[in-house]
Amino acid sequence: MAGIGTEENPLRVAIIGSGPAGFYTVSNFMKQKDLVVRMDMYDRLPTPFGLVRAGVAPDHQKDKSVTRAYDKSAQTPGFRFFGNIEYGKHISLEDLQQYYHQVIFTTGAQVDRNLDIPGEDLAGSHSATEFVAWYNGHPDFADLEFDLSVDSVAIVGMGNVAMDVARILSKTPEELADTDIADYALEALRHSKVRNIYLLGRRGPAQAAFTPPEIKEMGELADCDVCVLPDEAKLDAVSLADMEANPDKNVEKNVGYITEYAARPRSNKKKLLTVRFLVSPTELVGADGRVKAIRLVKNEPYLDDRGTVRPRATDVTEELPVGIVFRSVGYRGVALPGIPFHESWGTIENDRGRVQSSDGEQVTGLYTAGWIKRGPTGVIGTNKTCAQETVQCMVEDAAQGKLWSPGSDDIESLLRKRQPDLISYADWQEIDRVEVTKGEAEGRPRVKFTRVKDMLAVLSR
Ligand code: NAP
């Protein structure tokens with residue numbers, strides 16, 4: 001390994017982004033025998049953990065317990081956290097080249113995909129990512145406002161993000177009060193007048209992207225009934241043939257819950273969640289610049305030449321009166337300065353995590369893992385194998401000397417000059433302790449700071 005990766009000359013790696021893919025990069029490097037690695041993890045926020053903190057729903061605390069393993073990784077000798085440092089603002093690719101042998105980008109997928117239909121820009125039309133980041137207290141989204149004085153809301157898309165948004169809108173304030181939802185969001189939801197929530201899927205029950213625990217939970221809400229139109233719950237011939245040809249336990253379970261909900265009578269619960277299938281939005285209809293309805297076209301399923309069940313528009317249309325529309329049709333990565341980017345996929349150009357130029361050549365020193373590498377799919381744990389694949393490539397390349405040749409290893413001085421409010425892992429732990437202590441007093445996992453200035457204010461340094 002050309003003398004690199006030893007106590008005297010450790011392999012120096014910068015990890016940009018402190019979500020699951022970033023932390024699984026650390027744990028995968030920790031498993032490498034006979035390789036001494038110094039890892040610096042960067043995040044533009046003072047807080048680590050990416051979507052585990054700002055994406056995973058506040059009422060799904062179990063999913064957040066992975067941070068205990070991340071905390072352990074952060075104790076690895078040679079690991080440093082540089083929070084409140086933004087790549088492209090406080091630090092450039094050229095800077096990183098001076099201090100590291102390799103850089104891995106684990107920045108996730110930060111924005112939503114659009115629907116590209118008329119009316120998408122009306123007031124009341126929002127992306128699910130904005131709403132999710134808002135209720136999770138992400139500082140960049142804390143000032144957003146959602147007009148929850150409307151009676152009806154439509155959520156377009158049928159993945160687990162759509163389910164999270166639907167659940168947060170459907171739950172009572174009491175069901176959310178013992179979570180770490182942002183205080184302002186809980187207060188806004190306390191005054192919510194939303195009674196009808198529509199979840200709109202463009203394909204049928206057998207193609208829904210949500211997972212069984214999520215759809216099961218919808219049938220167990222304290223003050224919200226769930227309803228499916230019997231006609232839409234009935235499986236069409238194309239789906240039945242597909243299910244027989246490609247048996248899948250999750251699909252069977254999903255279909256089971258949907259069938260049960262279609263037969264369930266309405267009780268006297270205050271809210272109603274209506275799960276619709278085989279409908280696509282064609283326009284958001286406005287009045288005085290605000291959404292007042294969503295126009296839908298009924299779809300019919302067909303099998304494409306790759307054997308996938310797809311939706312095809314019919315000439316049957318309808319209009320649902322709604323005051324808010326959330327687009328939840330998948331996330332997209334954001335291009336990073338100086339890094340080759342695949343615009344239509346919203347990912348960094350790469351081969352198994354090795355960054356490539358647009359003509360397919362490997363770019364020395366650059367790597368990627370997580371959603372920005374492979375697109376926004378899979379659960380938190382999927383990033384473990386994703387990071388493992390990239391770390392393997394990084395180790396192989398290091399062994400072959402395919403590395404940058406850094407000079408000084410004192411990047412911290414440079415960072416502190418550019419960002420005096422640099423946050424270390426110890427600083428984050430102090431912020432964490434204050435949040436958790438506040439939470440204990442209220443019977444909640446934590447009370448989140450939603451402003452960077454408030455986070456900085458509690459530090460004793
Ligand atoms: P997703 O699972 O990919 O779902 C996207 C949904 O949008 C699908 O129902 C898709 O329908 C629909 N869609 C796409 N384009 C559309 C269009 N033009 N019109 C109408 N519908 C459209 O994405 P996600 O919900 O953003 O979730 C991202 C990842 O995070 C997923 O892997 C998810 O499982 C994971 N996640 C997991 C949890 C959890 O474990 N509890 C929570 C949140 C997120 P088609 O299927 O027809 O394309």
Side-chain angles (χ1 to χ4, degrees), residues 19-21 50-66 108-117 120 125 127-133 135-136 154-168 198-218 238-239 242 248 250-251 254 258 275-284 294-304 306 308-313 325-333 344-347 370-372 374-383 386:
L51 278 187
V52 177
R53 180 176 166 100
V56 171
D59 59 339
H60 279 182
Q61 285 297 316
K62 250 201 212 152
D63 295 344
K64 295 188 189 246
S65 60
V66 289
Q110 294 154 28
V111 297
D112 277 64
R113 288 180 42 225
N114 288 333
L115 290 169
D116 292 326
I117 57 170
E120 209 166 348
S125 161
S127 70
T129 31
E130 284 172 358
F131 188 61
V132 168
Y135 67 61
N136 271 317
I155 303 158
V156 180
M158 239 177 215
N160 281 335
V161 171
M163 300 302 266
D164 286 347
V165 170
R167 213 175 52 253
I168 295 296
Y198 298 100
L199 201 57
L200 307 174
R202 64 178 172 180
R203 297 191 287 166
Q207 294 86 42
F210 50 65
T211 41
E214 276 64 32
I215 187 68
K216 175 172 185 276
E217 223 180 327
M218 294 307 192
V238 178
S239 296
D242 186 50
D248 181 320
N250 278 351
V251 171
N254 280 350
I258 294 301
V275 188
R276 297 284 313 268
F277 293 100
L278 287 163
V279 285
S280 281
T282 54
E283 183 178 351
L284 304 190
I294 184 166
R295 202 163 281 157
L296 304 174
V297 64
K298 189 83 191 152
N299 296 324
E300 60 184 12
Y302 74 97
L303 208 61
D304 73 4
R306 287 183 176 175
T308 305
V309 180
R310 298 230 175 257
R312 179 163 45 211
V325 172
F326 289 108
R327 304 183 296 277
S328 185
V329 295
Y331 286 60
R332 254 188 76 80
S344 51
W345 295 353
T347 53
W371 279 6
I372 193 70
R374 65 175 202 279
T377 57
V379 291
I380 295 170
T382 315
N383 295 297
C386 180

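Each ligand, and each atom within it, is numbered from 1 in the order the structure gives.
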Requested in this report: Would you indicate whether the side-chain heavy atoms of Arg53 and Asn136 approach each other to under 4.5 Å?
Outcome: no
Requested in this report: Kindly write out the residues that satisfy side-chain contact (heavy atoms from CB on, under 4.5 Å) with Arg276, not counting sequence neighbours, or none if the list is empty.
Outcome: Leu200, Leu229, Glu232, Thr274, Val279, Glu318, Leu320
Query raised in the report: At what distance, to the nearest 0.5 angstrom, does CG of Leu199 lie from CD1 of Ile215?
Result: 7.0 Å
Report task. Compare all side-chain heavy atoms of Asp59 with those of Glu217 and state whether any distance is below 4.5 angstrom. Result -> yes
Requested in this report: With the side chain counted from C-beta on, respond yes when Pro301 and Arg203 share a heavy-atom pair under 4.5 Å apart, and no when they do not.
Outcome: no
Query raised in the report: Quick one: does Asn383's side chain have a donor or acceptor within less than 3.5 Å of a partner on Ala21's backbone?
Result: no
Which protein N or O atoms sit under 3.5 Å from any N or O of ligand 1? Give each pair with its distance.
unit_1	atom_1	unit_2	atom_2	d
ligand 1	9 (O)	Met158	N	2.9
ligand 1	25 (O)	Asn160	N	3.3
ligand 1	25 (O)	Val161	N	3.1
ligand 1	32 (O)	Gly378	N	2.8
ligand 1	32 (O)	Gly378	O	3.2
ligand 1	34 (O)	Asn160	ND2	3.3
ligand 1	41 (N)	Glu214	OE2	2.9
ligand 1	46 (O)	Arg203	NH2	2.8
ligand 1	47 (O)	Arg202	NE	2.9
ligand 1	47 (O)	Arg203	NE	2.8
ligand 1	48 (O)	Arg202	NH2	2.7

